[in-house]
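Working notes for the structure below.
Here, residue 1 is the first one in the sequence, and each next residue gets the next number.
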Amino acid sequence: MRTVAQQDVGALRLGAAQQALWPRLANAGDAAEYCHAWLALQCAQIDQVGTAFLLLRDEAGTFLPAAVWPDPRADVSHMGPFAQRCLAERRAISERPAGKESRLYAAWPLEEEGEIFGTVVLDLAARAEPELQRLWRALHWGSGRIEVLLLRRLLQTRAEATERARLTLDMAISIGEQPRFDEALLQLANELVQRLACSRVAVGIEKRGRIRLRALSQAATVERRSEFSAAIENAMEEAADQGCTVVHPPPVEGGGAIAVAHRDLARQGGACTVVISLRGRCIGAVTCLGDTPFDAAFVAAAEAAIALLAPNLALRRELQHWFAGRAAEALRAFWRGCRDPRRLS
């Protein structure tokens with residue numbers, strides 16, 4: 001048992017720790033820093049916590065660790081099944097781990113409007129039921145700050161989606177005003193440079209199984225035999241062969257796409273190629289170059305714009321093919337028919 005004096009000293013130290021954590025929470029620069037500060041503050045308010053971690057659901061619906069206390073590198077996998085139980089049962093749970101009668105696992109579900117979005121799990125000293133109820137109350141009130149963070153993230157996501165839709169609509173109108181297909185491709189390249197803040201943008205179109213460079217931002221003509229054009233086409237082919245967006249350097253660690261051609265093209269900046277596809281068929285690619293590496297927000301905006309513009313580009317390409325190829329083929333078929341000896345005179 002601790003003496004009254006020891007309890008007073010402990011309370012003073014606890015109060016000082018909390019005072020130091022509040023500014024960290026208020027001035028957090030991003031979601032990760034906010035989650036670490038929030039978890040540290042919760043543990044400072046609860047007596048005798050050994051380890052704690054926070055799980056939050058990402059946009060894909062997967063629950064991932066958002067913060068671990070006190071050491072972010074600590075292995076908390078042994079408490080994973082306990083956290084999963086809390087998420088599945090959608091209620092606060094506690095139990096004493098096997099072989100550790102002096103310890104207690106406690107998990108509190110984070111819920112908003114009937115939907116579970118995470119859980120906080122603590123490994124702490126065992127305590128009586130009245131103290132455990134005070135623990136639940138503390139986590140209940142503390143979870144409100146995480147709800148604010150998630151609401152802010154949701155509003156930001158919706159704002160970014162709205163901005164992407166507005167950007168794509170403006171681009172579609174501008175590109176649709178161009179009378180010729182090549183002019184539309186050049187307008188697409190110039191619009192992406194201006195609206196996504198790239199240094200250069202190249203647009204390539206598939207022809208006989210290969211992607212050929214057709215437009216380069218701020219360039220009236222394209223020198224297809226230059227080394228730069230060849231490097232661009234290699235990057236487009238690299239993305240088209242894999243059927244996915246290729247970015248170098250990747251905005252997220254562990255990106256699985258092969259990016260050899262993009263690495264050579266990026267040099268000191270960044271390179272990103274988005275495949276233009278419709279109904280699973282590649283009709284071209286757009287390669288963006290930047291003075292600095294591209295982040296995930298840029299990639300999402302570029303993919304959204306190209307995906308929404310792909311049907312229009314495919315239709316314009318088909319019309320061009322009709323006039324350039326189908327009409328000639330129709331004339332050749334007519335001439336063959338006229339020369340056929342079986343044709344009635």
Side-chain angles (χ1 to χ4, degrees), residues 59 160-161 163-172 174-176 181-182 184-207 209-219 222 228-229 231-252 255-267 269-317:
E59 295 179 357
E160 291 174 351
E163 178 61 22
R164 287 196 295 267
R166 186 192 65 79
L167 178 146
T168 305
L169 179 60
D170 291 345
M171 290 177 57
S174 178
I175 293 169
F181 184 54
D182 283 339
L185 297 180
L186 179 59
Q187 185 67 21
L188 170 62
N190 290 333
E191 288 281 341
L192 288 173
V193 165
Q194 178 182 356
R195 297 180 182 276
L196 297 184
C198 311
S199 59
R200 300 295 295 274
V201 172
V203 183
I205 296 298
E206 183 273 337
K207 183 177 181 181
R210 297 290 304 276
I211 296 184
R212 303 299 183 185
L213 180 61
R214 293 283 293 272
L216 189 62
S217 61
Q218 302 170 351
V222 176
F228 178 70
S229 296
I232 289 284
E233 290 181 346
N234 287 339
M236 291 178 174
E237 292 279 354
E238 187 174 64
D241 289 343
Q242 298 176 79
C244 65
T245 299
V246 177
V247 189
H248 183 82
V252 180
I258 299 172
V260 177
H262 285 76
R263 181 189 60 202
D264 297 338
L265 191 62
R267 297 182 181 178
C272 171
T273 296
V274 180
V275 178
I276 307 173
S277 61
L278 188 65
R279 293 187 291 273
R281 178 170 175 251
C282 172
I283 62 173
V286 175
T287 297
C288 304
L289 302 178
D291 298 326
T292 57
F294 295 121
D295 58 14
F298 172 91
V299 176
E303 288 180 332
I306 300 304
L308 292 175
L309 292 171
N312 180 275
L313 294 174
L315 178 61
R316 305 270 308 247
R317 175 177 177 268

Is there a side chain to side chain contact (heavy atoms under 4.5 Å, CB included) between R263 and V260? Walk through the geometry before answering. CA-CA 5 Å; R263 181 189 60 202; V260 177; 3.7 Å; yes
If you take all heavy atoms of V193 and Q218, which pair is closest and at what distance? CG1-NE2, 4.0 Å
If you apply the rule side chain to side chain contact (heavy atoms under 4.5 Å, CB included), what do you find for T245 with C272, and how did you get there? CA-CA 7 Å; T245 299; C272 171; 4.0 Å; yes
To the nearest 0.5 angstrom, please state how far the CD1 atom of I205 sits from the CZ atom of F181. 4.0 Å
Let me confirm one number: the CE-CD1 distance from M236 to I276, rounded to the nearest 0.5 Å. 8.0 Å
Rounded distance [0.5 Å steps], CG in L313 versus CG in L185: 6.5 Å
Closest heavy-atom pair and its distance - G269, P249: O-CD, 3.6 Å
V203 and A189 have their tightest heavy-atom pair at CG2-CB, 4.0 Å
With side chain to side chain contact (heavy atoms under 4.5 Å, CB included) as the criterion, how do V201 and T287 come out once you've worked through the C-alpha distance, each side chain's angles and the decisive distance to 0.1 Å? CA-CA 6 Å; V201 172; T287 297; over 6 Å; no
Within a reach of under 6.0 Å around CG of D291, are more than 12 heavy atoms found that belong to other residues, nucleotides or ligands? no
Give a yes or no on whether a salt bridge exists between E206 and R317, defined as a side-chain N under 4.0 angstrom from a carboxylate O. yes
Contact check, side chains of R195 and D170, non-hydrogen atoms, under 4.5 Å: yes
Kindly compute the distance separating CG (L186) from CG (D182), expressed to the nearest 0.5 Å. 9.0 Å
Counting N and O atoms only, with roles assigned by atom type, does the side chain of E238 sit under 3.5 Å from a partner on the main chain of H262, one being a donor and the other an acceptor? yes
Sequence neighbours excluded, the answer for ring-ring contact (aromatic ring centres under 6.0 Å, His included) partners of F298 is F294
Once salt bridge (Lys or Arg N to Asp or Glu O under 4.0 Å) is applied, do any residues pair with E303, and if so which ones, sequence neighbours excluded? none
Any idea which heavy atoms bring A310 and S277 closest together, and the distance? CB-O, 3.6 Å
Hey, could you give me the CG/CG distance between L309 and L192, rounded to the nearest 0.5 Å? 8.0 Å
Over all heavy atoms of both residues, which pair between A239 and T273 is shortest? Give the atoms and the distance, please. CB-CG2, 3.5 Å
Residues two or more places apart in sequence or in another chain: which of them pass side-chain contact (heavy atoms from CB on, under 4.5 Å) with R200? L216, S217, L289
Any donor-acceptor pair under 3.5 Å from E191 side chain to I175 backbone: no
